[in-house]
Protein chains: 2
Amino acid sequence: MRSKKIPDIVIRRLPLYLRTLARMAAEGKEITSSDQLAEQLRISSALIRKDLSYFGEFGKQGTGYQIRFLQEQLQRILKVDREWEVALVGAGNLGRALAHYKGFCNRGFRIVAVYDNDPAKIGKMLGNLKVKSASHLVEDVRARRLKMAMLAVPADHAQEVADQLVEAGIRAVLSYAPIHLTVPDGVYVQYIDPVVHLQRMTYYLGNRKHSNLKGF
Amino acid sequence: MRSKKIPDIVIRRLPLYLRTLARMAAEGKEITSSDQLAEQLRISSALIRKDLSYFGEFGKQGTGYQIRFLQEQLQRILKVDREWEVALVGAGNLGRALAHYKGFCNRGFRIVAVYDNDPAKIGKMLGNLKVKSASHLVEDVRARRLKMAMLAVPADHAQEVADQLVEAGIRAVLSYAPIHLTVPDGVYVQYIDPVVHLQRMTYYLGNRKHSNLKGF
DNA sequence: TAGATTGTTAATCGATTAACAATC
DNA sequence: TAGATTGTTAATCGATTAACAATC
């Protein structure tokens, strides 16, 4: 089963399954079905069953899936059955929001260091972390063997910082800068750009205030 | 050309084209080609030409695309050749970061109102906006005829706020809450959940610190 | 048992790519 | 003109769905 290459599009859905399972577990549910998951996620139940079947047989005919068990399996598959230590670069408003965000810790991640190049910010506390000088980034990240980083710096510094992160041994970057980063093979980048998401919706919005006035 | 339904996956790429074009324009370039765009975006040039051809003929054989012109066309298609007024709900750390973010204004969006239900935050300034009570949200948003909103509230309030936004006439929501929102047909939702993005990368990361020790 | 739901196959659907005539 | 690049078609590739035997 693990033998043939699993499509990235399948991998990309697994975190969504995990999130829905967590929700169900929080509601006290113990068992679910591909139909229930499908309804929550607005995809077909066949797709969910097929996705899961790449990795094993996690359900029981006639019953469905044990939520706790399926969570554990997906966490293992996605390698979030552990805690990844993450570096954060950028201690501006966005960096602060990320540093304070409570949602990382129980889903596999913890920010363990914050860097900035602004002397006014270096030394200040962000949550329970002291902001360190970006000049220590490379040696520091390498010494701690960090593999993941979040990038919350202005667009015009993003590539430069990305280069440093790669040099320091970072393998996965979550970038909030609205530019495409160039990185070597084997380094993974995901982007979050709120404007892109907003622009994906405006296409579908009618032009006029009174959209019930069809044709006018 | 506008007659047959355009696949959503095409629409989803247009903002990325727009972003790359903006970058090129900022660098002083005036003309580009599907090959150049493709290289930047790591997709095939044929795909770019095909995507654009859904909407018209924007290039010139032998020459390529006038960057400024293509930007204008894409902005028009995505309806971001205007400024959309956006409501922001949630004045916590994330809300603050969004309120201060400079990247909205020149890409079609402006936050014009901020709401929170925390008495300690109501009345405070967030950037140049005064935080208003969430109790005014519905009448306020409706009166201003706002069509878009950003949701930066804790997960356990997100659905409730989403319901209010829909009631107030909001047609598109960008949600930062890590849960699936249920909304009526005709209301569009996009999600930003950094943990999902992180979890999409860990699958590909080796387990061990010393990943050069193959097999051990 | 009867009912429900899985895992899986084959069919369908849709998206991407290769190729090239048109043409700037 | 010669070279370059578009817009578009047909072929390929990949993803989703429908259906159902297996089985809990």
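Keep in mind it's a predicted model, so treat the numbers as computed, not measured. Below, chain A is the first sequence line, B the second, and so on; all start at residue 1.
When the side-chain nitrogen and oxygen atoms of Y54(B) are compared with OP1 and OP2 of dA15(C), none of them lie within a distance under 4.0 Å.
Across the protein-nucleic acid pair, K5(B) atom NZ and dC13(C) atom P stand 17 Å apart, rounded to whole Å. Atom CZ of F58(A) and atom P of dT6(C) are 14 Å apart (whole Å). What separates OH of Y17(A) from P of dT6(C) is a distance of 13 Å, to the nearest Å. One can place CD of Q73(B) at 16 Å from C1' of dT6(D), the figure rounded to the nearest angstrom. Straight-line distance from the CD1 atom of I9(A) to the P atom of dG14(C): 14 Å, rounded to whole Å. The distance from atom CD1 of I48(A) to atom C1' of dA15(D) is 15 Å, rounded to the nearest whole Å. Distance CG (D35(A)) to P (dT6(C)): 7 Å, rounded to an integer number of Å. In this structure, CZ of F69(B) is placed 14 Å from P of dT6(D), rounded to the nearest angstrom.
Taking F58(A) as the reference, nothing meets the ring pair (Phe, Tyr, Trp, His ring centres under 6.0 Å) condition, with sequence neighbours excluded. Listed by chain and number, the residues in a ring pair (Phe, Tyr, Trp, His ring centres under 6.0 Å) with H197(A) amount to none (sequence neighbours excluded). Applying the ring pair (Phe, Tyr, Trp, His ring centres under 6.0 Å) criterion to F69(B), with sequence neighbours excluded, gives no partner residue. Taking the salt bridge (Lys or Arg N to Asp or Glu O under 4.0 Å) definition, one finds that R68(A) meets it with E72(A), sequence neighbours left out.
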Within the 4.0 Å limit for protein heavy atoms, which parts of nucleotides 17-24 of chain D are touched? Write it as a string from 5' to 3', B for base, S for sugar-phosphate only, - for none.
BBB--BBB
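Between the side chains of K79(B) and Q199(A), no donor N or O sits under 3.5 Å from an acceptor N or O. Side chains of R49(B) and S45(B): a donor-acceptor N/O pair is present below 3.5 angstrom, by distance only.
Applying the salt bridge (Lys or Arg N to Asp or Glu O under 4.0 Å) test to every pair with at least one member in residues 149-167 of chain B, sequence neighbours left out, gives no pairs at all. For residues 33-45 of chain B, there are no salt bridge (Lys or Arg N to Asp or Glu O under 4.0 Å) pairs, not counting sequence neighbours.
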Under 3.5 Å, sequence neighbours excluded: what are the donor-acceptor pairs made by side chains of residues 94-103 of chain A?
from, atom 1, to, atom 2, distance (Å)
R96(A), NH1, N93(A), OD1, 3.3
H100(A), ND1, R96(A), O, 2.9
K102(A), NZ, H100(A), O, 3.3

Residues 9-20 of chain B, side-chain donor-acceptor partners within the protein, below 3.5 Å, at least two apart:
from, atom 1, to, atom 2, distance (Å)
R13(B), NE, D51(B), OD2, 2.6
R13(B), NH2, D51(B), OD1, 3.1
R13(B), NH2, D51(B), OD2, 3.3
Y17(B), OH, D51(B), OD2, 2.5
R19(B), NH1, D193(A), OD2, 2.9
T20(B), OG1, L16(B), O, 3.1

Which atom pairs, donor and acceptor, lie under 3.5 Å between side-chain atoms of residues 176-185 of chain B and protein residues at least two apart or in another chain?
from, atom 1, to, atom 2, distance (Å)
H180(B), NE2, Q40(A), O, 3.4

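If you find the closest nucleotide of DNA chain D to Y65(B) and to R13(A), the one lying nearer the 5' end belongs to Y65(B).
DNA chain D lies under 4.0 Å from no heavy atom of any residue of residues 20-31 of chain A.
Looking at heavy-atom distances under 4.0 Å, S34(B) makes contact with sugar-phosphate atoms alone, never a base.
Secondary structure note: stems in DNA chain C built from 3 or more consecutive Watson-Crick or G-U wobble pairs under 3.5 Å occupy C:3-24 with D:3-24.
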